[in-house]
Amino acid sequence: MADDASLAPNGDTTAVTLTRKDFQSDQEVRWCPGCGDYSILAAMQFLLPDFDVKPENMVFVSGIGCAARFPYYMNTYGIHSIHGRAPAVATGVALARPDLDVWVISGDGDALSIGGNHLIHSLRRNVNLKILMFNNQIYGLTKGQYSPTSEVGKVTKSSPFGSLDHPFNPISVALGAEASFVARTHDMDRKHLMETLHRAHEHKGAAFVEVYQNCNVFNDGAFAAITAKEHRSDMLIPLEHGQPIRFGADGERGVMLNEYGEAHVVDVADVGVDALLVHDEHRPDPSVAFSLSRLADTPTEPTPIGVLRDVQRPTYEGEVQRQLVTAVERSGPGDLGALLESGATWDVA
Amino acid sequence: MADDASLAPNGDTTAVTLTRKDFQSDQEVRWCPGCGDYSILAAMQFLLPDFDVKPENMVFVSGIGCAARFPYYMNTYGIHSIHGRAPAVATGVALARPDLDVWVISGDGDALSIGGNHLIHSLRRNVNLKILMFNNQIYGLTKGQYSPTSEVGKVTKSSPFGSLDHPFNPISVALGAEASFVARTHDMDRKHLMETLHRAHEHKGAAFVEVYQNCNVFNDGAFAAITAKEHRSDMLIPLEHGQPIRFGADGERGVMLNEYGEAHVVDVADVGVDALLVHDEHRPDPSVAFSLSRLADTPTEPTPIGVLRDVQRPTYEGEVQRQLVTAVERSGPGDLGALLESGATWDVA
Amino acid sequence: MSTETTDTRQPETLDRVVIRFAGDSGDGMQLTGDRFTDVSAAFGNDLATLPNFPAEIRAPAGTIAGVSSFQIHISDHDIVTPGDVPNVLVAMNPAALRANISDLPVGGTLLVNEDAFDERNLTKVGYESNPLDDGSLSAYRIIQVPMTSITLEACKELGVKPREAERSKNLFALGLVSWMYTRPTKQTIDWIEQKFAAKPMVRDANVAAFKAGYHFGETAELFDHPFEIPPADLEPGRYRNITGNLATAYGLIAASQTSKLPMVYASYPITPASDILHELSKHKNFGIRTLQAEDEIAAVGVAIGAAFAGALGVTATSGPGLDLKSEGIGLAISLELPLIIIDVQRGGPSTGLPTKTEQSDLMLAMYGRHGEAPLPIVSASSSSGCFDAAYEAVRIAVKYRTPVILLTDGYLANGSEPWRLPDVDGLADLTVHFADAPNHGDEFWPYLRDPETLARPWAIPGTPGLQHRVGGLEKQDGTGNVNYDPENHDFMVRIRAEKVARIANDIPPVLVDSDDGARVLVLGWGSTWGAITAGVRRVRARGKPVAHAHLTHLNPFPANLGEVVAGYDRVLVPEMNLGQLSKLVRAAYLVDAESLTKVHGLPFRAAELEAKILEMIDG
Amino acid sequence: MSTETTDTRQPETLDRVVIRFAGDSGDGMQLTGDRFTDVSAAFGNDLATLPNFPAEIRAPAGTIAGVSSFQIHISDHDIVTPGDVPNVLVAMNPAALRANISDLPVGGTLLVNEDAFDERNLTKVGYESNPLDDGSLSAYRIIQVPMTSITLEACKELGVKPREAERSKNLFALGLVSWMYTRPTKQTIDWIEQKFAAKPMVRDANVAAFKAGYHFGETAELFDHPFEIPPADLEPGRYRNITGNLATAYGLIAASQTSKLPMVYASYPITPASDILHELSKHKNFGIRTLQAEDEIAAVGVAIGAAFAGALGVTATSGPGLDLKSEGIGLAISLELPLIIIDVQRGGPSTGLPTKTEQSDLMLAMYGRHGEAPLPIVSASSSSGCFDAAYEAVRIAVKYRTPVILLTDGYLANGSEPWRLPDVDGLADLTVHFADAPNHGDEFWPYLRDPETLARPWAIPGTPGLQHRVGGLEKQDGTGNVNYDPENHDFMVRIRAEKVARIANDIPPVLVDSDDGARVLVLGWGSTWGAITAGVRRVRARGKPVAHAHLTHLNPFPANLGEVVAGYDRVLVPEMNLGQLSKLVRAAYLVDAESLTKVHGLPFRAAELEAKILEMIDG
Ligand SMILES: Cc1ncc(C[n+]2csc(CCOP(=O)(O)OP(=O)(O)O)c2C)c(N)n1
Ligand SMILES: Cc1ncc(C[n+]2csc(CCOP(=O)(O)OP(=O)(O)O)c2C)c(N)n1
Ligand code: SF4
Ligand code: SF4
Ligand SMILES: [Mg+2]
Ligand SMILES: [Mg+2]
């Protein structure tokens, strides 16, 4: 009974042709009109048919927040759990069922405020979860308080004179927590969104994806300075593995490291292409990814998007399985009677 | 009444001559004989007389664990709170009383396992706390389970077949969480310990100090490979601001950054002194400190000690005070009667 | 007021009316209700309100799930509830009609925006035919008004985009209803003008729509005449309208002032408690430090640290957050420090019904900590009563050096009523005396208790010579040193309980509003006060004797409660839970307290109580 | 056994003896006690043990705070407690003497290591003069042995460093006591040899010390003869000695096997629950996945996720951790998923007395969640009984799709007793049937309930066509869709309560062990079982009639409990808290249940119960 097969009613994962509709639940979507969450949901539902994973083998787990309503709209298995705890709940799903495709959907408050501890621990353990954090730099569901990603000075319901909290840089937090996959994308570019989610899905292990998302009701335009069509080429720095890091309409700008290994933006004309940093997602050392994460403090400066880091480490549940198998090999499948009799026993006639 | 003076019975902080004894409480110290905690306690009590802060103006706050018993032994104000929550409790002390000198004493489980969230949030907010984490890579008080800093494969009561959890690098975590001061020291070198604590105390803002500490009962010798007298010169990399980073009996080895900004150890003879990384604690960008934190994954490789990062940012409670003062300047001290009458009122005769 | 109008029709005088505004969450019904409330309050009516909105920020337009409503009861005499059912229902669209019509009694007035009754909106909520035409509403007095088109018309000149202008239709409705009940218009227009000063377009559209609605009432022949609800003659004094959360915030500020303890308010946002944080963070000139914590555990931790340092430590939340604070509250009980924990109760369990009201956290407040960890519990019975309740919670906390839980709920928090302002100088003095010298020879013993209150000294950092350490491990009474002695532990467990029990001597006996010959006692707590009072009044109106007692202190109980409950043949305990207070009363006094429970996320109706009480009297 | 010795003196036969080993935490008293226990168990005595140690890993040597003790009661008949007071006290140093002597009855045997009674050790614990000389112990039978020196002597040849050798003195004491009570020696020696196989030096020193102690008994003239406690004639069967935590772990493993649900055990270490994690992590070949979570909140979250995925989700903790799990447990109640939460209770509130026992989390288990969130509660009454209790908790959880709290405590967890092994094939079959097809036309409704149990279907990921979403928001019964309708909420709150209430029909009635003419009923729960049973036996021995009922199920109560309590003039509820069960019983049945409370961090003594019961019978 110990093996997972017993728990995987459907071992068969042969290729299937599914469509977007196969991943849409019958529940009415309840986000505000114009909310960025819609485009993320659409991208996900467009993308999933490309994987050959059947809806019944996927589980979406969320905490609480606007973003966290996501699982209700997916025609997969799903848990809308409690605020901040989704990574823990999802870890339980993955631990019990390594055969499943488990996604975590979270907001900036859910993942980084109340849920910060579970997030960093699931990343260091490298549980095979795809963790999407919809970062709108605000608490949406509770009607507009600042969040751990809000900029200093932000005036909100709970900070009428401006917030005093220095924000987290989510990418830096993830890298500092030993994440094996870290990426960033945004809600205005479905293609990039789909590519990034696709990469996250391909990664075996914990994948952390920050998705810049517009909350048009409580924090409208938070990312407009970099994600609006007209600004993208100058403000978004697309990362491509093996390529020198360049951006701008004609790639006229680029990224270099200085003698302290700090990333900074340069004009390619001044330094020449060869001086540019060549992006390498696979560096075992997270330092260069960390440097890139520091390029922009707020979404008003040129900001790297795409995959910052993608390295292989054993997954947590994979290792757990290994220990289970080894144990059976070593001592045979558990024998309850023998277990109870282990140690000193005596008989009374 | 709003000003803190009302709460600071003793504003006077004129220089005083105190001795170690002035900081020793009458409580019997209850750590195991040979525990590294003793030397940290001693270092603290030797050091404190050097600051001109009176014992009554200091507060030591801890969570739960062997390390967390520390406040009981200090003749200052102190709170032995609950597991993992010391940074939050200490934040409350600092917020109410910016005039106090507030220290947090924690263990690797207390600070990074159950308390991880409060730790990273107090660091990003830059609350003026001196946070010491006694890292013995084990749960001492609960008699020997692995901790978030234990190496993979560690065999403990809770991991009889070896731990599967990839550990945190506490320095990386702190840097990823926007810490303004980050340092590392160990329990075998009182001088370095005192210097480091002194530096932490001088820093205005949140100071995170990792102290390698030997738990001779449940994890004896965890750091012996680098902290034992005979290994120190080869295995500890002392960081000195403005100096090229060198170590070894005759400084024959050093640290360089490669083209990806990754720190690595070199023979000075091969590369020449000028190629070495010159340590700069004050870089606004935490990237180089992060690279240094990656030099050693486990305390068996050359490990940097000393101050990795020390930059100035406004302190949280300082900014809070500023807002209070501005508010009074703007609208005068609060007038309760006027407040209750604010908005539409009407009279009934 | 009617002078403001050129209308000749004489208003008919009513003693009370209940109006419910209902529309899409996007339609601004809460704003409409708030305006009508402020004007009616200033006009001098007594009133009570009941906002009711979905958990989603903006549930899908035109759906039942998206309906938001605001009910207001205004009268010329003292009233205690927002009314069981509306006399007038304003329905801005078919969804609002469908969701609310069942509450409108036969003969009630139904005011609809007919423009919204198109094919799409009708089918969205499952109307096969248009109820405005198919006679299905014949039992009501229907008034159909093309609110959208008239509003657009009214704004045409202003150059506002139609999509924008259309948003002002709620102000048209407000204007119309304001005329119907002869509300003054100036106050509303002034409010609009300063509120939207920054957006002239919106401002002008709103004013135009409001006036259009008012004039429509005057001119349209739909109404034979307006109505008038004269001011109520309330107790003399200065009044304002206030919600429960605002009253709670003001009560805390007042207590901070009279105790001379600067407030440190740490909280993590959660519906319906967040507004307390929002309010307090505005008043920094009162020395209030507000901190939006990373979670509820941090929030209570911050408040505890602040209390140790000599501040008034306060944290507020709702059910899910109170769960998380359990361990921290237990620490505060062990440290014996003052601490205020506010729970604005909402529908549970788990995430439950975040925007609805409930009384189901009483047992959690009472027992939600491991070990023997008793603490005092105070509750508020009305929105304005939150001021006194918060003040009382602080009084007990600082005097007895104990955490205190204050229970309010979503109905009190968001509902509002007129509040007679207290005389600020008449507030009880809560001045605290911090320890400033050794209390045991030349030593300071942090757990040397006041013989009467059993409170321990509060010695704050900075005080020379009084350095001491406190913690969650069991400690020796007196010295406070860590102590594992069995007898000492037994003693400490009992003395902590005794300290809380003794508070019964320091609180007023519970008042019983009893008729001679009453055999049935209705015992309530918290926000059921209004419905119970109204229900009891109805029973009395039928000439039947009944008694009503309402608890503010839930732990300890008032000293006389045992006698009180023993004094009646039957005791009825109405609660918006499955009978939590009744369990406590049964265990304490072995009386067969009967429960009337309702867990609808909405307050009781007076009629429900009337019926149950009569049944008990006669049965 | 005595054949093993060359001794001619005939052992005197006793029916029972209580021995307490006491020394420094560093002296290995727990190990000494464990060894003596295993040998006595294997020898066939009935027994019960009571380990008692400080919260510090190593409290300061030679101090009262540092004293660690282990009491064992062995007998030739069925016994239920570790004994009120020792007949023999082994004191390894002055601190141990000072801390324990008051428990030794006049005439009791006192075995001391005289080497430890030097100036320094004596003054450390405040002895002005040496009690071994000043006659202050004249009331006892003192046996002074220079244990340290003889041990050093015995090890001299082995080349062990004196500091090392000195550590073996506890084995000297064990050897001596083993001789005194004619325990077989082979088993102990074998154990030492394999335990310390890796450290030959230590191994040899320990063996030498043990033998030295044994031979000292034989040769020294201090004793006129050894004693013998014949085997008890227990029910036939195969026995082993077992602690409560081990029995709990085994019960879970057994249930995982018979339910065919792989166990996911997620837990955060905490005294006294950690050993369950330690034990389960050894048995990976049973398919058990153990996860040491970052905190208790994560632990319960992991268990919930595992349950959703079709595993047996289990988490264990003690009081402080149960506080933290409150919100997660509430979620599981709303999700209606099976979940096991084990609370090994310890002394509270807050950090309290981590290594001491208490029963003070009953109310927390019952009410420690916001909203109306009932769940079943099962408790264990003896160390070996933890096996059945854990098994029963799983049975209820999987059958009713509900979280279940299992309450044990530090005394049960660390104490041990002989356990008659159950017939593995005789264990109830707990096989679960997962949903595998639509249950409502061609739709799958996750909240369509079993009409009898009201349990909802458990459809696990991977099952085609049964995809569904569950969450903490209120949901429509049947479909499980998010639903804010007032009537539905009221219905759901009541049906969740009803589901738990119905379990009363599925559990055995509470058994009453009653004498004819008994007027007093003693009603207990949990670990007070042993003391109550012993107390009741004593009362009966005096020819007085009394009744004893002991609860395993605390929520819901057994269906017959109301009648049972109503059937006696007086009801006594002894608890290691301030009266938690008695409150529940009073509220449920309006009977004047009287409390006998003791909060010492230690179990009741039979004598205390005897006295109270007699007082109630006679008074
Ligand atoms: C324990 C608990 N505390 C607080 C809340 C209230 N709450 C719900 S969502 C949320 C934060 C939402 O912000 P975010 O995670 O950024 O999600 P968004 O709504 O912006 O998508 C809060 C504070 C809760 N539901 N539970
Ligand atoms: C809420 C809660 N969970 C668990 C515990 C048990 N506990 C006490 S200390 C500790 C960890 C100790 O490890 P660490 O923080 O590294 O401190 P050390 O003892 O090693 O100095 C644990 C799990 C507790 N006291 N409270
Ligand atoms: S509040 Fe903001 S984040 Fe939430 S649904 Fe509306 S727009 Fe989206
Ligand atoms: S257990 Fe380890 S950390 Fe704790 S006091 Fe003993 S030696 Fe020190
Ligand atoms: Mg957000
Ligand atoms: Mg540790």
Side-chain angles (χ1 to χ4, degrees), chain A residues 1-4 6-10 25 27 54-61 64 71-72 74-82 85 88-97 99-100 117-118 121 320 323-324 326-328 330-334 336-337 339-341 343-349, chain D residues 38 41-42 44 187 233-241 250 253-254 257 260 262 264 266 283-287 289 291 293-295 297-298 301-306 308-311 313 327-328 331 335 421-422 424 434 436 460-473 481-482:
Chain A
M1 52 124 286
D3 64 12
D4 296 293
S6 72
L7 273 185
N10 182 327
S25 80
Q27 296 300 297
K54 294 174 174 169
E56 64 264 27
N57 294 324
M58 305 195 106
V59 182
F60 281 81
V61 181
I64 301 290
Y72 286 122
M74 300 295 302
N75 182 30
T76 64
Y77 285 88
I79 308 176
H80 178 235
S81 73
I82 44 180
R85 319 305 175 184
V89 174
T91 295
V93 174
L95 199 56
R97 298 286 303 281
D99 60 301
L100 299 172
N117 206 33
H118 309 302
H121 282 271
V320 170
Q323 284 193 336
L324 296 184
T326 325
V328 172
R330 196 184 47 249
S331 20
L336 184 58
L339 176 70
L340 300 191
E341 297 203 358
T345 64
W346 68 95
D347 297 319
V348 173
Chain D
D38 277 12
Q187 189 182 339
D233 51 3
L234 303 167
E235 248 183 282
R238 173 156 295 179
Y239 284 77
R240 66 169 292 161
N241 192 52
Y250 284 0
I253 295 174
Q257 294 280 308
K260 303 182 194 57
V264 170
H283 303 293
K284 304 206 180 298
N285 58 327
F286 284 84
R289 302 130 166 89
L291 177 134
E294 57 269 28
D295 61 25
I297 298 175
V302 168
I304 289 170
F308 180 78
E327 192 195 9
L331 173 65
L335 300 186
L421 300 183
V424 170
F434 294 124
D436 53 10
I460 67 173
T463 317
L466 305 196
Q467 294 97 302
H468 64 282
R469 278 68 50 195
V470 294
L473 284 165
N481 294 335
V482 172

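Convention: sequence-line order gives letters A, B, ...; per-chain numbering from 1.
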Top residue by heavy-atom pair count (under 4.5 Å) with chain D, among [options]?
{"options": "H118(A), R85(A), R330(A)", "value": "H118(A)"}
{"options": "N117(A), V59(A), T76(A)", "value": "T76(A)"}
{"options": "I64(A), N75(A), T326(A)", "value": "N75(A)"}
{"options": "T91(A), I82(A), V61(A)", "value": "I82(A)"}

Backbone of A309(D) reached by a side-chain donor or acceptor of Y77(A) within 3.5 Å: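 Flag not set: sc Y77(A) to bb A309(D) has no pair under 3.5 Å.
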Going by side chain to side chain contact (heavy atoms under 4.5 Å, CB included), name the residues that satisfy it together with Q323(A), two or more places apart in sequence or in a different chain. F161(B), L164(B), K284(D)
Chain A contact via [X] - side chain, backbone, both or neither, heavy atoms under 4.5 Å:
{"X": "H283(D)", "answer": "side chain"}
{"X": "D295(D)", "answer": "side chain"}
{"X": "V424(D)", "answer": "side chain"}
{"X": "A298(D)", "answer": "both"}
{"X": "E235(D)", "answer": "backbone"}
{"X": "A254(D)", "answer": "both"}
{"X": "V264(D)", "answer": "side chain"}

Which atoms form the tightest heavy-atom contact between [X] and [Y], and what is the distance?
{"X": "A96(A)", "Y": "R289(D)", "answer": "O-NH2, 3.7 Å"}
{"X": "L473(D)", "Y": "Y72(A)", "answer": "CD1-OH, 4.1 Å"}
{"X": "R240(D)", "Y": "L339(A)", "answer": "NH1-O, 3.8 Å"}
{"X": "Q467(D)", "Y": "P55(A)", "answer": "NE2-CB, 3.2 Å"}
{"X": "R97(A)", "Y": "G462(D)", "answer": "NH2-CA, 4.2 Å"}
{"X": "N285(D)", "Y": "G332(A)", "answer": "ND2-O, 3.0 Å"}

Rounded to the nearest 0.5 Å, what separates atom CG in L331(D) from atom NE2 in H80(A)?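 Taking CG in L331(D) and NE2 in H80(A), the distance rounds to 10.0 Å.
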Partners of E327(D) by salt bridge (Lys or Arg N to Asp or Glu O under 4.0 Å), sequence neighbours excluded?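 Counting only residues at least two positions away or on another chain, E327(D) forms no salt bridge (Lys or Arg N to Asp or Glu O under 4.0 Å).
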So what's closer than 4.5 Å to chain D heavy atoms on A90(A): side chain, backbone, both or neither?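 Neither part.
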What part of M58(A) gets within 4.5 angstrom of chain D, counting heavy atoms only: side chain, backbone, both, or neither?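 Contact with chain D: none, neither part.
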Most chain A-contacting option - heavy-atom pairs closer than 4.5 Å, from [options]:
{"options": "A42(D), G313(D), G472(D)", "result": "A42(D)"}
{"options": "D38(D), L291(D), N241(D), V482(D)", "result": "L291(D)"}
{"options": "N481(D), L234(D), I253(D)", "result": "N481(D)"}
{"options": "G471(D), A293(D), G328(D), G237(D)", "result": "G237(D)"}

Could you tell me how the ring of Y239(D) sits relative to the ring of W346(A): parallel (under 30°), tilted (30 to 60°) or perpendicular (over 60°)? parallel
